[in-house]
Every structure is written in structure tokens, then in C-alpha cells.
Amino acid sequence: MEEKILITGANGQLGSVLANALIERYGSNSIIATDLKHKIKFKCYFEVLDATDYDGIQTLVRKYSITQIYHMAAILSATGEKRPHLTWDVNMETLFNVLEVSRLNNIKKVFFPSSIAVYGVDVPKTNAPQNFATTPNTVYGISKVAGELWANYYFNRYGLDVRSIRYPGVIGYQSLPGGGTTDYAVEIYHKAINQEPYECFLNKTTTLPMIYMEDAIRATIELMEAPLKNLSVRTSYNVAGLSFNPEELASSIKEILPEFQISYKPDFRQDIANSWPESIDDSKARKDWNWKPKYNLKKISADMIKNLQLHYNYKTQKS
Ligand code: SER
């Protein structure tokens with residue numbers, strides 16, 4: 001049967017790149033990208049959708065005979081701390097809508113993104129275990145812990161095949177992050193390419209788990225295509241790429257752009273970062289569906305700088 005895949009949050013940092021990857025893999029006719037506004041020109045169907053609107057989701061699911069949903073819409077960690085109750089409402093209501101519509105319309109598979117933000121200060125800082133009491137410090141993290149438990153519940157209670165990854169901070173040239181604590185690792189490249197100094201909102205020794213966009217997208221699709229019988233984690237899989245701190249990132253940029261300058265001025269996001277582990281144990285993902293990252297810091301910097309240079313040269317030529 002032909003897959004029909006609906007994506008919520010398709011304007012987002014991950015959603016936009018995922019939509020294009022799914023178009024490439026399944027064809028334009030199989031993908032229905034949705035978001036609050038029609039901002040990006042995708043080579044597939046696009047529908048305006050507010051995922052807090054249950055009927056809106058159900059109408060699209062029926063209109064396109066949807067078989068899978070990737071629910072990427074969410075408010076991230078830093079923005080979430082400014083409006084905790086709104087963040088809880090949006091993150092949970094959209095998830096409930098997706099889960100319920102999926103259950104009642106025989107959707108085959110649902111993808112729900114979780115995050116390293118599920119962890120809190122009491123988790124071991126390095127190699128944070130897959131299963132550990134999760135006591136997050138942010139409302140975003142609380143909503144992701146709850147989401148993971150609901151994913152597990154829908155699988156056990158209704159047999160709905162919900163699959164999930166705990167993403168580290170995602171770095172990519174294709175899109176900009178919005179409102180996260182790991183956003184510095186993308187902003188820094190844009191400044192470096194434009195020969196501007198960067199003022200980092202985390203201190204230089206803040207090590208966090210990160211992943212390159214190519215790896216993050218590949219992990220997502222590999223998990224979604226893995227045989228059901230291989231999956232032993234029904235909450236959310238830890239997926240690690242690499243770990244580094246702002247100083248190490250700046251050094252890897254300076255190897256290519258020696259003039260680049262960085263200074264540090266930690267803000268409220270430092271506390272959020274301090275509550276997260278430095279690295280996570282992803283041995284379950286490696287064992288169950290052969291997960292393996294391909295990008296180290298050297299490769300990431302080379303690829304980011306090459307692609308952003310093309311992007312900004314193109315923009316300068318156009319203007
Ligand atoms: N990148 C996310 C954030 O910083 C973590 O999931 O909020």
C-alpha cells in the first residue's frame with residue numbers, strides 16, 4: 001500500500017529537512033507537510049494546520065488517507081521557560097490529538113520527537129543511561145517525559161506503533177533552530193561565515209550531546225522503517241551523535257576560518273544546559289536498529305561552512 005505521510009511542524013528546524021528527505025524517499029505525492037503558516041515552498045502537498053485543532057488533523061487524515069504521522073510541532077526548551085503553562089498545553093494537546101486521531105483512524109505509525117531535555121541534574125553526566133528516573137528542570141522536558149510515557153501507553157494499550165528518538169541538539173545548514181538551548185551551535189556558523197564575532201550564551205566548557213542534521217534525519221527514517229519486532233524501547237530511544245563544548249566548536253571553526261572570534265556571556269539558558277547530561281548512552285538504538293552516527297566535529301564544521309558559504313554567496317548574488 002502506498003504510504004501517505006503527514007508532518008506537523010514542517011516549517012521547523014527538523015520538520016523542514018525531514019519533509020524534504022521524506023519527499024526524496026517516498027515521492028511528492030506521498031507527503032503532506034503542515035504548519036501554522038505556509039512559509040516554505042515544499043515539493044509536496046502543503047496544508048495550513050494548527051495541531052491543537054483535533055478536527056483539523058482528522059480532516060486531513062481522512063482527506064489524504066494518511067498512513068503515518070510525524071508529529072514535529074512543539075515549543076522548545078528556552079522559549080518554553082518564558083511561558084510554562086502555554087508550553088505544556090501546546091506540547092501535550094497536540095500530542096494527544098495526534099495519538100487519538102491515529103488510534104481512531106488506523107494510522108500505522110506515529111513519530112514523536114523527544115529530547116535530551118528529559119534528563120535532570122541527578123542523571124550521570126556522562127553516558128546518561130537509557131532508563132533512568134527522569135526529573136527535568138524545564139517544562140519542555142516535563143512535556144517530553146510525559147509524551148514518552150503516553151507513547152508507551154498507546155503502544156501497550158491500543159497497539160498504536162508510536163516510535164520516538166531523544167534528539168540531542170541538532171546542527172544543520174538547511175534551517176534555523178528556534179527557541180532551544182543548543183541553538184548556539186548553529187548560530188555560531190552563521191556569524192563565522194559572515195565574518196562577525198559571536199557572543200555565546202553558554203560558557204565555554206558547557207559540553208552537551210549534539211548531532212548533525214544528516215545523522216538526525218537518517219536516524220529518524222531508519223527507526224521508522226525498522227522491523228517492529230526489533231524495537232525494545234517504546235518510550236524513546238537515546239540517539240547520540242557526538243559531544244562538544246562551545247570552545248571546542250569555536251576551535252574547529254577557526255581551523256577553517258582563522259579570523260573567527262568568540263566571546264562568552266551566559267544567560268538563563270546556562271542553567272538549562274547545566275541540568276542536561278554531557279553525553280548519552282545510545283547502545284539500545286545501536287543494538288535494536290543498527291544506529292551509528294557518521295559525523296564528527298571536523299566533518300560537521302567542514303560541511304556547515306561549505307554549505308553556508310554557498311548559501312550566503314547565492315544570497316549576495318541575488319541581492
Ligand atoms: N535542541 C533542543 C533544545 O535546546 C533540545 O531538545 O531545546
Side-chain angles (χ1 to χ4, degrees), residues 9 11-18 70-84 86-88 90-92 94-95 111-121 123 128 134-148 151 164-189 200-203 206-217 219-220 223 235-246 249 266-280 282 285 293 295 300 304:
N11 290 343
Q13 186 201 9
L14 264 165
S16 56
V17 186
L18 182 65
Y70 285 68
H71 175 44
M72 308 308 285
I75 299 180
L76 293 192
S77 62
T79 308
E81 289 313 283
K82 294 184 181 146
R83 303 190 64 185
L86 175 82
T87 302
W88 171 261
V90 169
N91 288 0
M92 295 317 295
T94 57
L95 177 62
F111 181 78
F112 164 66
S114 186
S115 160
I116 52 164
V118 295
Y119 291 112
V121 280
V123 75
T134 39
T135 50
N137 285 23
T138 60
V139 71
Y140 170 71
I142 299 173
S143 73
K144 290 298 181 189
V145 172
E148 289 187 6
S164 176
I165 283 176
R166 287 180 185 147
Y167 291 113
V170 180
I171 305 159
Y173 59 86
Q174 302 93 329
S175 54
L176 286 170
T181 303
T182 54
D183 295 11
Y184 90 86
V186 180
E187 291 169 6
I188 194 171
Y189 286 104
C200 185
F201 57 78
L202 299 181
N203 71 36
T206 312
T207 299
L208 288 171
M210 299 280 181
I211 191 167
Y212 199 45
M213 182 66 84
E214 264 70 7
D215 277 340
I217 298 293
T220 309
L223 170 63
T235 48
S236 187
Y237 278 98
N238 277 4
V239 161
L242 70 168
S243 289
F244 57 76
N245 64 34
L249 177 52
D267 66 13
F268 73 101
R269 289 168 280 193
Q270 184 66 50
D271 289 337
I272 300 178
N274 289 346
S275 75
W276 291 349
E278 294 182 352
S279 60
I280 55 177
D282 65 354
Y295 282 81
I300 292 176
M304 283 295 283

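As the structure lists them, so they are numbered: ligands from 1, and atoms in each ligand from 1.
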Without hydrogens or angle criteria, can the side chains of Gln13 and Ser175 be said to hold a donor-acceptor pair below 3.5 Å? no
**Message:** Once you measure the plane-to-plane angle for Tyr184 and Phe201, does it fall in the parallel (<30°), tilted (30-60°) or perpendicular (>60°) bin?
**Reply:** perpendicular
Next on the checklist: Just by distance, no angles: are the side chains of Ser77 and Thr181 close enough, under 3.5 Å, to form a donor-acceptor pair?
Outcome noted: yes
Considering only distance and modelled atom types, tabulate donor-acceptor pairs under 3.5 Å from the side chains of residues 237-245, sequence neighbours left out.
residue: Tyr237; atom: OH; partner: Ser232; partner atom: N; Å: 3.0
residue: Tyr237; atom: OH; partner: Val233; partner atom: N; Å: 3.4
residue: Tyr237; atom: OH; partner: Asp288; partner atom: OD2; Å: 2.6
residue: Asn238; atom: OD1; partner: Tyr119; partner atom: OH; Å: 3.2
residue: Asn238; atom: OD1; partner: Arg166; partner atom: NH1; Å: 2.9
residue: Asn238; atom: ND2; partner: Tyr119; partner atom: OH; Å: 2.9
residue: Asn238; atom: ND2; partner: Ala128; partner atom: O; Å: 3.4
residue: Asn238; atom: ND2; partner: Asp281; partner atom: O; Å: 3.1
residue: Ser243; atom: OG; partner: Glu278; partner atom: O; Å: 2.6
residue: Asn245; atom: OD1; partner: Glu247; partner atom: N; Å: 3.0
residue: Asn245; atom: OD1; partner: Glu248; partner atom: N; Å: 2.8

At a 4.0 angstrom heavy-atom cut-off, ligand 1 is contacted by Leu76, Ser77, Ser115, Tyr140, Gly180, Thr181, Thr182, Trp276
Pairing donors with acceptors under 3.5 angstrom, does anything connect the side chains of Thr206 and Gln270?
yes
Result for side-chain contact (heavy atoms from CB on, under 4.5 Å) between Tyr167 and one of Leu14, Thr182, Ile116 points to Leu14
